[in-house]
Amino acid sequence: MHSFGYRSNALLTFAVTALAFICAITSFSDKFSNQNPSVEIQILNINRFKKQSHGNDEVSLTLDIAADLQSLFTWNTKQVFVFVAAEYETPKNSLNQVSLWDAIIPEKEHAKFRIQVSNKYRFIDQGHNLRGKEFNLTLHWHVMPKTGKMFADKIVMPGYSLPDAYR
Amino acid sequence: MGFIGETVDSIKSIKIRQVLTQTVTLGMIVTSALIIWKALMCVTGTESPVVVVLSGSMEPGFKRGDILFLHMTQEPIRAGEIVVYNVDGRDIPIVHRVIKVHERRNTGDVDVLTKGDYNKDDDIGLYADGQIWLNRHHIMGRAVGFFPYVGWVTITMTEKPIIKYILIGALGLLVITSKDRQHTEKKAGRWWGSGS
């Protein structure tokens, strides 16, 4: 009952249980943070808008993204993954979501930024429905904790549209 | 001669019962672990409720050796979710983020494109030949939580199987020797008891 084996076993079990409990309440503490991120996106330029050889529309555009995500960071945050997606519907598809740009924010200091970028990923439709198309730009964020539950949310900005003719 | 015969008989009979009890206890432990695993599969709705991150393609968020908790619901798949999927013909599941979604009206079928956060290119190179989209049936679950470092145990045991054997051997030895000590203590107690 007092051998090294029993003692180390008891110690190890207790240590692991205590660690699991601490990680659980750390993750739980994230619920109490007050979060109010903000973002503004403008389309600066439509660089290219054409129909590909196999019939799908493709757009290349330059965006101006101004965002403040500092309130998303808590002591349990490892990084915040943020991306901007275009959302629209077509006769064939009830929902299309195309990610245009993403970034990893490792620290709170970098979470307030303004950048001008052209789309990192190709904006290609399944079909040729993009002329004159109205779409939403959504800013999504995905908070990855140091331990525990991840959470994600988004801000939807409606009212953007593509030109009526190819360029 | 008779005394030796008696002792041998008593030892044999005790040993058989003991061995049987040990086997049954071991079987119970293994079975209850299996029950817990299967129950987890039911609750989370996926075939593998916990996976180990094997590559660095999702760094710095998920490093090699982290474990991910998965959950699968019938909710539609949306951009930004971290999903675990199997490609036909490959048995290692991949954990990456959804960057494009095209969902059909009426049927709800969905075409999905994924990409690892740290990779430069999207996953088209990882899909089967000629495949350019993932569909719902490829996706096994969404990552909902994670725990750092714990997966290294699994990675070491898979990549250096000798460690697995050493561990199981040591465990087996522990079980056998601890039972023997209990048995000897019982016998000693009996002798002392009868002496006084």
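Atom set for the values below is all heavy atoms of this structure, side chains included, hydrogens, waters and symmetry mates excluded. Per chain, numbering begins at 1; letters A, B, ... match sequence-line order.
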Only pairs of heavy atoms separated by less than 4.5 Å count here; which of [options] has the most with chain B?
| options | value |
| --- | --- |
| Ala86(A), Pro106(A), Ser99(A), Gly5(A) | Ser99(A) |
| Ala152(A), Ala85(A), Pro91(A) | Pro91(A) |
| Asp125(A), Thr90(A), Leu100(A) | Thr90(A) |
| His140(A), Met150(A), Lys120(A) | Met150(A) |

Are there over 12 heavy-atom neighbours, none belonging to [X], within less than 6.0 Å of that residue's [atom1]?
| X | atom1 | value |
| --- | --- | --- |
| Ile25(A) | CD1 | yes |
| His128(A) | NE2 | no |
| Lys63(B) | NZ | yes |
| Phe28(A) | CZ | no |
| Leu20(B) | CG | yes |
| Gln52(A) | CD | yes |

Notebook entry, point to check: Under 3.5 Å, side chain of His142(A) to main-chain N/O of Glu81(B), donor-acceptor pair present?
Noted result: no
Next item on the list: Could you tell me whether a side-chain N or O of Glu103(B) sits under 3.5 Å from a main-chain N or O of Leu95(A), the two making a donor and an acceptor?
Entry: no
Is there a path of hydrophobic side-chain contacts, each under 4.5 Å between heavy atoms of I/L/V/M/F/W/Y residues, joining [Y] to [X]?
| X | Y | result |
| --- | --- | --- |
| Met157(A) | Ile115(A) | yes |
| Tyr160(A) | Val84(A) | yes |
| Leu134(B) | Val84(B) | no |
| Leu69(A) | Phe83(A) | no |
| Tyr166(A) | Val59(A) | yes |

Next item on the list: Below 4.5 Å from any heavy atom of chain A, which atoms of Arg97(B) appear? Answer side chain, backbone, both or neither.
Entry: side chain
Notebook entry, point to check: For Asp111(B), is it the side chain, the backbone, both or neither that has a heavy atom under 4.5 Å from a heavy atom of chain A?
Noted result: side chain
Next item on the list: Please assess Tyr121(A) against Lys100(B) for the test side-chain hydrogen bond (donor to acceptor under 3.5 Å, both in side chains), listing each intermediate value before the final yes or no.
Entry: CA-CA 10 Å; Tyr121(A) 306 115; Lys100(B) 290 192 186 168; over 6 Å; no
Item checked: Residues Phe69(B), Lys149(A); criterion side-chain contact (heavy atoms from CB on, under 4.5 Å); working and verdict -> CA-CA 9 Å; Phe69(B) 301 106; Lys149(A) 189 168 180 325; over 6 Å; no
Next item on the list: Start with the C-alpha gap between Glu89(A) and Arg105(B), add the side-chain angles, then the distance that decides, and say whether side-chain contact (heavy atoms from CB on, under 4.5 Å) holds.
Entry: CA-CA 9 Å; Glu89(A) 54 170 7; Arg105(B) 252 174 236 290; 3.4 Å; yes
Notebook entry, point to check: Under the side-chain contact (heavy atoms from CB on, under 4.5 Å) criterion, do Thr147(A) and Phe147(B) qualify, and how do the steps go?
Noted result: CA-CA 6 Å; Thr147(A) 173; Phe147(B) 213 86; 3.8 Å; yes
Notebook entry, point to check: Can you tell me how far the CZ atom of Arg122(A) sits from the CG atom of Leu113(B), to the nearest 0.5 Å?
Noted result: 11.5 Å
Notebook entry, point to check: Can you tell me how far the CD1 atom of Ile82(B) sits from the CZ atom of Phe81(A), to the nearest 0.5 Å?
Noted result: 8.0 Å
Could you tell me whether the side chain of [Y] reaches within less than 4.5 Å of the side chain of [X], counting heavy atoms only?
| X | Y | value |
| --- | --- | --- |
| Asn96(A) | Val101(B) | no |
| Gln126(A) | Arg104(B) | yes |
| Glu59(B) | Ile104(A) | no |
| Gln79(A) | Pro60(B) | yes |

Check: Which atom pair, heavy atoms only, marks the closest approach of Ala79(B) to Gln97(A)?
Finding: N-OE1, 2.7 Å
Notebook entry, point to check: Non-hydrogen atoms of chain B under 4.5 Å away: do they reach the side chain of Lys92(A), the backbone, both or neither?
Noted result: both
Checklist line | Max heavy-atom pair count under 4.5 Å with chain A, selected residue of Val98(B), Asp66(B), Asp122(B), Ile99(B) | finding: Ile99(B)
